[in-house]
Chemist: 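Got a structure for you, questions after.
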Amino acid sequence: MSANSYEPQTIENKFYKIWEDRKYFEVDGNKTIQEEGKNFSIMMPPPNVTGRLHIGHALTFTLQDIITRYKRMDGYKTLWQPGTDHAGIATQNVVEKQLLAEGTTKEEIGREAFLERAWAWKEESAGIMTEQLRKMGVSPAWERERFTMDEGLQKSVKEAFVHLYNEGLIVRGNYMVNWCTHDGALSDIEVEHEDHNGKFYYMRYPFADGSGHVEVATTRPETYFGDTAVMVHPEDERYKNLIGKKIRLPLLKREVTIIADEHVDMDFGTGVVKVTPAHDQNDYEVGKRHDLEFITVFDEKGILNDYAGEFKGLERLEARDIIVKRLEEEGFMVKIEDHKHQVGHCYRCKNIVEPYISKQWFVRKEVADKSIEKTNAGEAQFFPPHWINSYNSWMGELRDWCISRQLWWGHQIPVFYCDDCEHEFASQEEHPESCPKCASKNLTQDPDVLDTWFSSALWPFSTLGWGNGDTEMDKLFQSDDMKDFYPNTLLITGFDILFFWVARMMMMGEHFNGQLPFNHIYLHALVRDEKGEKMSKSKGNVIDPLDMINKYSADILRFTLAISAAQGRDIRMSTEKLEQNRNFTNKLYNATKYLQMNAETFPDMKKFCMQSDLGKYMASRLNFATKEVRANLEEYKFNDAALVMYKFLWNEFCDWGIELSKADKGSIIELGAIFKEAMKLLHPFMPFITEYLYHELSGTTLEDGGSIMIMSYPTKTKKRKEEAKFEIIMDAIVSIRRAKVLVDLANQKIEKAFVKIDGISNKDKKIMLPFITRLAKVENLEFTDIKIENSVSDIADLCETFIPTDSIDLSSIIAKLTKQDEKLQKEIGKLNGMLSNERFVANAPEDVLKKNHIALADAKIKQEKVLEQLSSLKA
RNA sequence: GCUCGCAUAACUCAGUUGGUAGAGUAUUACCUCGACAAGGUAAGAGUCACUGGUUCAAGUCCAGUUGUGAGCACCA
């Protein structure tokens, strides 16, 4: 070790390979230190199999790895379950684009060929994400890596579906759903509501008898072909008499009736509302209440149908202006106003989402009932705790979950329809032989696939073998896994998927296993750029974690994320912060270099007793840090845990421990042992450099020796009495240094100094003397019981120090102070002159006066101090 | 509209059984003394958004106000 700084790149890749090859990440990787009855499990939120590592992943996996490594070192049988998700819509979209570029479509090549393409794309890109994860230094049980569509998990999805189906908790029905004309049905949370600068169209709806008209205001004129009523508020005096009257829709022959419904807001628009039950969520409810006709005016792709008359064949959004123009020409348009409102967009393709009546599969909301109860009974705990409020409010308004998707890539719904007797049944078999009712062999499987979140909802237990049958048992999972690892100890994920994923896991986990899937749920915040803005490709402000690893190191990126991860607070990532922690790793490297200058190798702390006072003191401080780190990790306060180590290693071990050891070389071997122990403490945060430095100091190599990652995590012991002694020593050193600054001799060696410490023994004095002498740079230090005359002094918390002025050359200092005094005197004179001038006081602006008064007061205080110093020096 | 955050040094942020306000960066002065200039020593810097309440004691607990961010639900 001779370079001036640590070179992480080669070390990180080399070490990772050794760790993984030796299976340290696996459940029994720490067999030698496992303790009976201590199990820990955490599931990796499966990233998109074709995705790429971004900074959000970097945060979430860093935190997961910290806890996992900590538990593994602390003797737990540890499962960190890795895997990837098939990401239905996203992946299908990619493959469809590929086909488009080749001039073909999925319809042209057919379902089977399409799925082959999708699997090929999955195989091709699957390894990239997991390789990128390895660069982070994370330690999941890779041998158990799962994919949400692998054989075993396909079985568990079918198992879950068939169960729910037979219990009547999965049903098929014609309901109004969120419909994307590109991606098909979406669940409620897959719709993003965004502000939209639209128009408010006031349309004239004539009475059928030609006796006049009403005005109707709408944001969506193109849906009026589906109007099956017009409604007013029953109490609205303006329109009360019109209830029951007939309207003839513009340009159409069709007539509708004016009805009364309390849903109408009399103060909004004209108070007259068109009712389009098949294209509006509220109108849908109104339609059901009043038994209206449901007229669908465009098809699944958004193309207007026969009901739109002359506009048939147009796309719904493109049709609007054309329709409006025609209505204007015919005199049906009264006015058009600007109108800001919220419009739902598809979270995937940003297309405007339509409320649309469609036959879909739903999971009934009752499935969640018990999970809500148990969560509120405290069976699972949120970190930070306030998230339970969001969870509850969402769960409280839960609606049936639409789980069918008009895609080909995913888990095809395991429901079969008999072509002969129309019987419908769910089956776990891939190809059921015959209809259970009529024994016909003409069966058709439902063409749709399940929402991706349906399979991820099972993740906390499907990966433990639930519903997998014996597919790859003893390889991907063990028969005892459910017993050992369910419920999972902990879930760590971003708050943004609380509803998408966490809530769904809670309901499924509870439903199938009678217990919530997690004891603890830690929700972390967002990583933002240095200005606090959300990162996005379009803004060009993304920080690529892989770039940061190349430029700094995985250790530095991880530590920076961890030390910034205060619960519930967004993280501002910046190169400034990364550099600060790079400096920290450099400090650790150089501390090791110092230790190595003084000894070849250092023993492990457990194997010997501390002899020196300094060794005992630093060991006591390490114990304190250990206690704090453990306490913070137990509460998932990653930032606090990281800060404790930062401060211990830098501000205590390096700034004091190493410096003090220069006065007691015999203690250095002990400091080395303490430092090695501190590397274990730090290991979960910075796995690579800690492994490296540990071996450096042990005179071993990872190649030929054991790894720090499966050594026991430091345990805390008692505080030692040496702490008090060293507090005095440090106080005296700082005090003398301060006094030296006073006489302009900072950092220089001085002849003589006195220190007055009350109530210490001669033995203590003997211990303290060399440390203070060396670090305060004093030739000749004496303890005193009385105040020393003719000296500059400094009063500290635990002592008082004196530097005699006769032993140093004061002339230059006195000259400097005299000069300062003269300058201040001049300034005071000038200000006094101005302020005692009546004309100045009368005419000067107030703020100038104020400024001068303040300046005068400041100058006077300064002068006083200078004079005080002068007199003590001259005395 | 409802719910949940946040407001602390010039900047970025920590700060939970309530007990004298902390870090990093920046600033000022000094220091290349054999681990480290990506460093060291010392210093300065805060009406903890505002108003009221509880308490011996409030950055911390309670109520309200202002500003700000997020989520949910919304009027066609």
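Side-chain atoms are counted along with the backbone in the values below, which use heavy atoms only and exclude waters and symmetry mates.
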Chemist: When the P atoms of rA9(B) and rC48(B) are considered, how many whole Å apart are they?
Modeler: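 Looking at atom P only, rA9(B) and rC48(B) are 10 Å apart.
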Chemist: Among rA14(B), rA76(B), rC4(B), which nucleotide sits nearest the side chain of Asp640(A)?
Modeler: rA14(B)
Chemist: Between rU20(B) and rA73(B), how far is it from one P atom to the other, in whole Å?
Modeler: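 Roughly 46 Å separates the two P atoms.
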Chemist: For this output row, return yes or no: ring centroids of Phe638(A) and Tyr522(A) closer than 6.0 angstrom.
Modeler: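 They qualify: ring centres under 6.0 Å apart.
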Chemist: Side chain of His341(A), heavy atoms from C-beta onward: which of rG39(B), rA76(B), rC4(B) has the nearest atom to it?
Modeler: rA76(B)
Chemist: For the residue pair Asp188(A) / Asn178(A), report whether a side-chain donor-acceptor contact shorter than 3.5 Å exists.
Modeler: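 Side chains of Asn178(A) and Asp188(A): pair found under 3.5 Å.
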Chemist: Judged by each residue's nearest nucleotide on RNA chain B, which is more toward the 5′ side, Gly269(A) or Glu576(A)?
Modeler: Glu576(A)
Chemist: Looking only at side-chain atoms of Lys647(A), point me to the closest of rA14(B), rG40(B), rA23(B).
Modeler: rA23(B)
Chemist: What I want to check is whether an N or O donor and acceptor connect the side chain of Lys587(A) with the base of rC36(B) at under 3.5 Å.
Modeler: yes
Chemist: What nucleotide, of rC72(B), rA76(B), rC36(B), holds the atom closest to the side chain of Glu397(A)?
Modeler: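 Nearest to the side-chain atoms of Glu397(A), counting from C-beta on, is rC72(B).
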Chemist: Of all the nucleotides listed (rA42(B), rG24(B), rA38(B)), which has the minimum atom distance to the side chain of Arg738(A)?
Modeler: rA42(B)
Chemist: So what's the dot-bracket for RNA chain B: Watson-Crick or G-U pairs under 3.5 Å, [ ] if a pair crosses, | if it pairs off-strand?
Modeler: (((((((..((((.....[..)))).(((((.......))))).....(((((..]....))))))))))))....
Chemist: Which label fits His196(A) and His345(A): parallel for a plane angle under 30°, tilted from 30 to 60°, or perpendicular past 60°?
Modeler: tilted
Chemist: Among rA73(B), rG40(B), rA38(B), find the nucleotide with the atom closest to the side chain of Asn747(A).
Modeler: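 Nucleotide nearest to Asn747(A)'s side chain: rG40(B).
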Chemist: If you compare every side-chain N and O of Arg572(A) against the phosphate oxygens of rC6(B) (OP1, OP2), does one of them come in below 4.0 Å?
Modeler: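 Negative; the distance criterion is not met.
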Chemist: So does Glu659(A) reach the base of rA35(B) with its side chain, donor to acceptor, closer than 3.5 Å?
Modeler: yes
Chemist: Counting side-chain heavy atoms from C-beta on, which of rA35(B), rA76(B), rC36(B) comes nearest to Cys654(A)?
Modeler: rA35(B)
Chemist: Quick one: are the ring centres of Phe382(A) and Phe495(A) less than 6.0 Å apart?
Modeler: no
Chemist: Taking the same atom, C1', in rU47(B) and in rC56(B), what whole-Å distance lies between them?
Modeler: 22 Å
Chemist: Between Arg582(A) and Thr218(A), who's closer to the 5' end of RNA chain B by nearest nucleotide?
Modeler: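 On the 5' side of the pair lies Arg582(A).
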Chemist: By nearest atom, which of the nucleotides rA70(B), rG5(B), rA42(B) is closest to the Val734(A) side chain?
Modeler: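 Among rA70(B), rG5(B), rA42(B), the one nearest the side chain of Val734(A) is rA42(B).
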Chemist: Between rA49(B) and rG40(B), how far apart are the P atoms? Round to whole Å, please.
Modeler: 32 Å
Chemist: Between rG46(B) and rC62(B), how far apart are the two C1' atoms, rounded to whole Å?
Modeler: 25 Å
Chemist: Could you tell me how far rA35(B) sits from rA45(B) if I compare only their C1' atoms? Round to whole Å.
Modeler: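 After rounding to an integer number of Å, I get 32 Å for this pair.
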Chemist: Take atom NZ of Lys539(A) as the centre, draw a 6.0 Å sphere, and report whether it contains more than 12 heavy atoms from other residues, nucleotides or ligands.
Modeler: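 Check passes, neighbour count above 12.
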Chemist: Identify which nucleotide among rA38(B), rG40(B), rU12(B) has an atom closest to any side-chain atom of Lys577(A), counting heavy atoms from C-beta outward.
Modeler: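 Output: rU12(B).
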Chemist: Sticking with atom C1', work out how far rA26(B) lies from rA70(B), rounded to a whole angstrom.
Modeler: 31 Å
Chemist: Any idea which of rG5(B), rA35(B), rA14(B) is nearest the Asn639(A) side chain?
Modeler: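 Out of rG5(B), rA35(B), rA14(B), the nucleotide with an atom closest to Asn639(A)'s side chain is rA14(B).
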Chemist: Could you give the distance separating rU25(B) and rA42(B) at their P atoms, to the nearest angstrom?
Modeler: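 It comes out at 15 Å once rounded to the nearest Å.
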Chemist: For Leu595(A), report the nucleic acid contact type (base, sugar-phosphate, nothing); a contact means any heavy atom under 4.0 Å.
Modeler: nothing
Chemist: Aromatic rings Phe648(A) and Phe653(A): how do their planes relate, parallel, tilted or perpendicular, breaks at 30° and 60°?
Modeler: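 Judged by the thresholds at 30° and 60°, the geometry between Phe648(A) and Phe653(A) is tilted.
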Chemist: Is there a side chain to side chain contact (heavy atoms under 4.5 Å, CB included) between Leu614(A) and Glu670(A) once you walk through the steps?
Modeler: CA-CA 9 Å; Leu614(A) 178 56; Glu670(A) 297 174 4; over 6 Å; no
Chemist: Counting only side-chain N and O atoms of His386(A), is one of them less than 4.0 Å from OP1 or OP2 of rU3(B)?
Modeler: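 Checking rU3(B) against His386(A), no side-chain N or O comes under 4.0 Å of OP1 or OP2.
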Chemist: In terms of the angle between their ring planes, are Phe584(A) and Trp650(A) parallel, tilted or perpendicular, with boundaries placed at 30° and 60°?
Modeler: parallel
Chemist: Do Phe294(A) and Tyr284(A) make the cut of ring centroids closer than 6.0 angstrom?
Modeler: yes
Chemist: Side-chain donor or acceptor of Lys777(A) under 3.5 Å from a matching atom on the base of rC33(B)?
Modeler: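 Side chain to base: pair present.
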